Amino acid sequence: MVETARLDRVRIVEDRGPAAGAVVTDEVLAVTGDSLFPLQAALGYDIAQSLFVGPDNLLVEGASDYTYLTLISDLLKESGRTHLDERWRMLTVGGATHIPVFVALIGTNLQATVLIDSTPAGFAKIKSLANKGLLAPKRLLLTDTFTDGVKDSDIEDLFSPGDYLKLYNAAFGTALKVNDLNGKDRIIARITRATDSPFTEHGRPADTLLRKRDTHPRRPDNVTVPLSG
């Protein structure tokens with residue numbers, strides 16, 4: 001039984017010949033196509049039929065990524081500016097660790113573009129998708145490209161610090177100001193230092209934007225949606 005919601009728990013058994021014998025691995029990128037085929041057969045139909053219905057698929061890590069990109073694109077469209085082309089189907093995969101499995105499963109017949117946070121965790125494994133020919137280099141997008149100089153950025157850094165703090169304060173009932181944040185690094189790290197508490201509830205500010213979208217600024221001047229063509 002394969003749980004599609006827990007692809008990170010999948011293990012593949014591969015016969016690597018007399019010298020190495022049978023090897024159990026979770027590295028879907030390191031096995032041959034024959035070894036990957038049973039997993040593709042078990043999951044491919046379900047995933048392809050329910051998720052990948054067209055050639056242009058944008059994979060993002062989580063629900064907050066989906067919410068931000070969708071709403072920002074909607075606002076840009078309403079303003080007559082460049083927005084996410086409607087042919088792109090945005091899909092959440094439940095975390096960066098799931099992305100290699102999804103890309104390996106859909107293969108090269110259905111193209112996927114990946115947008116991920118630029119934080120080091122998990123980036124090396126995802127970058128190896130391009131090295132192994134499973135993902136064209138131009139289809140691996142990092143948030144650093146769109147965050148106006150913020151290094152090791154997160155999806156939240158698409159917003160200016162002031163705009164994101166409006167969402168954060170509304171979500172958590174706080175009154176943080178930009179002057180309370182030290183440094184010029186990613187906004188999540190700056191909030192963590194200011195509150196002396198790890199920031200893990202990424203979904204709450206996104207939910208606030210979703211519920212109160214009409215009360216927030218409608219001119220996202222500093223935001224760029226990466227896929228328009």
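It should be emphasised that the depicted structure is a prediction, and the values quoted were computed from it without experimental measurement. Heavy-atom basis, side chains included; hydrogens, waters and symmetry copies ignored.
- Considering OG1 of T67 and CG of D207, their distance stands at 7.5 Å, rounded to 0.5 Å.
- Taking CG of L75 as the reference point, atom CG of L209 lies at 7.5 Å (rounded to 0.5 Å).
- Across every non-hydrogen atom of D56 and R139, the tightest pair is OD1-NH2, 4.4 Å.
- Under the 4.5 Å side-chain heavy-atom criterion for grouping Ile, Leu, Val, Met, Phe, Trp and Tyr, V150 is not connected to I116 through any hydrophobic cluster.
- The two atoms that bring T92 and G62 nearest to each other are CG2-O, 3.3 Å, heavy atoms only.
- Listed for the H98 side chain is a donor-acceptor partner under 3.5 Å among the backbone atoms of V93.
- Side chains of T147 and D157: a donor-acceptor N/O pair is absent below 3.5 angstrom, by distance only.
- Heavy atoms of other residues, nucleotides or ligands lying less than 6.0 angstrom from OH of Y66 number 12 at most.
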T195 vs Y168, side-chain contact (heavy atoms from CB on, under 4.5 Å): CA-CA, chis, key distance, verdict = CA-CA 12 Å; T195 60; Y168 180 88; 3.8 Å; yes
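- Counting only heavy atoms from C-beta outward, the side chains of V114 and L135 approach each other to under 4.5 Å.
- In terms of modelled atom types and a separation under 3.5 Å, the side chain of S153 and the main chain of D144 share a donor-acceptor contact.
- Closest heavy-atom contact between A170 and T208: CB-CG2, 3.7 Å.
- The two atoms that bring F172 and E201 nearest to each other are CZ-O, 3.8 Å, heavy atoms only.
- In this structure the side chain of L167 reaches within 4.5 angstrom of the side chain of F159, judged on heavy atoms.
- What you find for G203 and S64 is that their closest heavy atoms are CA-CB, 4.4 Å.
- L71 has its side chain within reach of L210: a pair of non-hydrogen atoms, C-beta onward, lies under 4.5 Å apart.
- Smallest separation of non-hydrogen atoms from H202 and Y68: O-OH, 4.2 Å.
- No side-chain heavy atom of V60 sits less than 4.5 Å from a side-chain heavy atom of I155.
- Atom CG of L59 is separated from atom CZ of R89 by 11.0 Å, given to the nearest 0.5 angstrom.
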Apply side-chain contact (heavy atoms from CB on, under 4.5 Å) to the pair D185 and D152, showing each step before the final yes or no.
-> CA-CA 8 Å; D185 52 341; D152 296 336; over 6 Å; no
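- A donor-acceptor pair is defined here as one N or O able to donate and one able to accept, closer than 3.5 Å; no such pair exists between the side chain of S73 and the backbone of T70.
- Distance alone, capped at 3.5 Å, places no donor-acceptor pair between the E156 side chain and the I187 backbone.
- Taken from NE2 in H83 to CD in E78, the straight-line distance is 10.5 Å, to the nearest 0.5 Å.
- For R190, there are no salt bridge (charged side-chain N to carboxylate O under 4.0 Å, His left out) partners, not counting sequence neighbours.
- Contact of the L84 side chain with the M90 side chain is registered, since non-hydrogen atoms from C-beta on lie closer than 4.5 Å.
- In terms of the salt bridge (charged side-chain N to carboxylate O under 4.0 Å, His left out) criterion, residue partners of D154 (sequence neighbours excluded) are, by chain and number, R186.
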Going by atom type alone, with no hydrogens or angles, which donor-acceptor pairs under 3.5 Å involve a side-chain atom of residues 173-182 and a protein atom two or more places apart or on another chain?
unit_1	atom_1	unit_2	atom_2	d
T174	OG1	N169	OD1	2.7
D180	OD2	K177	N	2.8

